[in-house]
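Inspection log for the structure reproduced underneath, given as structure tokens.
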Amino acid sequence: MRLIEVVDRIAMECDLERSTIEQYRRSAIRFGQFIGRDASASDLTRDLLNAFIAQCQQQLKNVTAGNYRRALCRLWNYLTENEDKPAYELKRLRRPKSEDVAVYAPTNYEVSVLVKAC
């Protein structure tokens, strides 16, 4: 079964936000581009998924790579529950580290200007 078909099944069975379904779809498409063809359920292996995540980390931010990982794990979980695909070992999947982002807080002056403008 192709991963895009798995996304369609999840979309029909679960009440999810459109953005979530689109994230699953993007992840399946990007994973397929990584392997050079439409990705199928049999392509979801620990080694291939780890290689995909590693490439994403080189090309994209870790947050994005982590989002791809989570979406593909969701597809894998669906296949485990409904298609008898063996479960993955979570601890053996690559985990992109989250990046520390500086917190921005407006200055007192900026707040006073904003209040006056309101």
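The structure presented is a predicted model; accordingly, all values stated were derived computationally and were not measured.
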Could you pull out the closest heavy-atom pair between [X] and [Y], with the gap in Å?
X	Y	result
Leu93	Arg46	CD2-CG, 3.9 Å
Leu72	Leu49	CD1-CD1, 3.5 Å
Cys73	Tyr88	CB-OH, 3.5 Å

Under 3.5 Å, side chain of [X] to main-chain N/O of [Y], donor-acceptor pair present?
X	Y	value
Lys85	Ser42	no
Asp43	Ser40	yes
Asn62	Pro96	no
Gln59	Cys56	no
Thr64	Leu60	no
Trp76	Pro86	yes

Checklist entry - Yes or no on side-chain hydrogen bond (donor to acceptor under 3.5 Å, both in side chains) for Gln23 and Arg26, after CA distance, side-chain angles and deciding distance? => result CA-CA 5 Å; Gln23 176 64 32; Arg26 277 190 304 275; 2.8 Å; yes
Item to check | Inter-residue atom distance Leu75.CG - Ile10.CD1, 0.5 Å rounding | outcome: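 Rounded to the nearest 0.5 Å, the CG-CD1 separation comes to 5.0 Å.
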Next on the checklist: To the closest 0.5 Å, what do you measure between CZ (Arg2) and CZ (Arg37)?
Outcome noted: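 Interatomic distance, Arg2 CZ to Arg37 CZ, rounded to 0.5 Å: 12.0 Å.
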Next on the checklist: For a side chain to side chain contact (heavy atoms under 4.5 Å, CB included) check, start with the C-alpha distance between Asn50 and Arg92, then their side-chain angles and the critical distance, and finish with the verdict.
Outcome noted: CA-CA 9 Å; Asn50 280 338; Arg92 298 197 65 198; 5.6 Å; no
Checklist entry - Under the criterion side-chain contact (heavy atoms from CB on, under 4.5 Å), which of Val113, Leu114, Thr107, Asn108 is the partner of Glu110? => result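 The single option meeting the side-chain contact (heavy atoms from CB on, under 4.5 Å) with Glu110 is Thr107.
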Item to check | Positive for side-chain contact (heavy atoms from CB on, under 4.5 Å) with Tyr24, one of Ile29, Val6, Val7 | outcome: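 The side-chain contact (heavy atoms from CB on, under 4.5 Å) with Tyr24 is passed solely by Val7 among Ile29, Val6, Val7.
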Checklist entry - Could you go step by step and tell me if Arg74 and Asn77 meet the side-chain hydrogen bond (donor to acceptor under 3.5 Å, both in side chains) rule? => result CA-CA 5 Å; Arg74 174 62 176 100; Asn77 285 335; over 6 Å; no
Next on the checklist: Would Asn67 and Val63 count as a side chain to side chain contact (heavy atoms under 4.5 Å, CB included) here? Give the steps.
Outcome noted: CA-CA 6 Å; Asn67 288 339; Val63 171; 4.0 Å; yes
In terms of hydrophobic clusters joined by side-chain contacts under 4.5 Å, are [X] and [Y] together?
X	Y	answer
Leu3	Leu48	yes
Ile4	Leu79	no
Met1	Met12	no

Side chains of [X] and [Y]: closer than 4.5 Å at any heavy-atom pair?
X	Y	result
Glu5	Arg9	no
Tyr68	Phe52	yes
Arg95	Ile53	no

Checklist entry - Can Glu83 and Tyr78 be said to form a side-chain hydrogen bond (donor to acceptor under 3.5 Å, both in side chains), step by step? => result CA-CA 8 Å; Glu83 301 293 326; Tyr78 180 86; 5.7 Å; no
Next on the checklist: Using a 6.0 Å cut-off, check whether atom CD of Glu17 has over 12 heavy atoms from anything other than its own residue.
Outcome noted: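 No, CD of Glu17 has 12 or fewer neighbouring heavy atoms, counting only those of other groups under 6.0 Å.
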